[in-house]
Amino acid sequence: MKYMHKALWQPDGHLVIRGNSRALLYRAVEDVRAEVMRHEADAQVLRTLQALQDMLGSYDAPLPTANELLGDPAKQLVARNLLKG
């Protein structure tokens, strides 16, 4: 897995999410929304997702894919097995 920045709590109570972790948050929300829309969704889940989306706003660049953010799991597995050997 690629390095991900940690979220930082500020003394005033705000949460700061930087770089690729911020992109990962937006990707996760988008993926959950897509999955929920494929199934019969509970109204409460849709309402919660909409509130989260409203709070976050929109991502300010093209949203990267999960593989771009986290790395390709198949390649990581091969690399891990090569290190063991």
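These values consider heavy atoms only, across backbone and side chains, with no hydrogens, waters or symmetry-generated copies. The structure presented is a predicted model; accordingly, all values stated were derived computationally and were not measured.
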Quiz item: What residues, two or more places apart in sequence or in another chain, satisfy side chain to side chain contact (heavy atoms under 4.5 Å, CB included) together with D31?
Solution: R27

Quiz item: In chain order, what residues pass the side chain to side chain contact (heavy atoms under 4.5 Å, CB included) check against T48, with sequence neighbours excluded?
Solution: Q44

Self-check item: Pair R38 + E35: basic N to acidic O under 4.0 Å
Solution: yes

Quiz item: Do any pairs count as a ring pair (Phe, Tyr, Trp, His ring centres under 6.0 Å) and have a residue in residues 28-52, sequence neighbours left out, and if so which ones?
Solution: none

Practice problem: Only counting residues at least two apart or in another chain, list the ones meeting side chain to side chain contact (heavy atoms under 4.5 Å, CB included) with V32. | Solution: V36, L49

Quiz prompt | For A23 against L69, the heavy-atom pair lying closest together | solution = CB-CD2, 3.7 Å

Quiz item: What residue pairs, at least two apart or across chains, pass ring pair (Phe, Tyr, Trp, His ring centres under 6.0 Å) with a residue in residues 6-32?
Solution: Y26-Y59

Exercise. Decide whether V45 and M37 are clustered together by the hydrophobic rule: side chain heavy atoms of Ile, Leu, Val, Met, Phe, Trp, Tyr closer than 4.5 Å, transitively.
Key: yes

Exercise. Just jot down the side chain to side chain contact (heavy atoms under 4.5 Å, CB included) partners of A7, sequence neighbours excluded, or say none.
Key: L15, I17

Quiz item: If two hydrophobic side chains count as joined below 4.5 Å and joins carry through other members, does V16 share a cluster with L52?
Solution: no

Self-check item: Separation between CZ of R22 and CG of L56, rounded to the nearest 0.5 Å
Solution: 8.5 Å

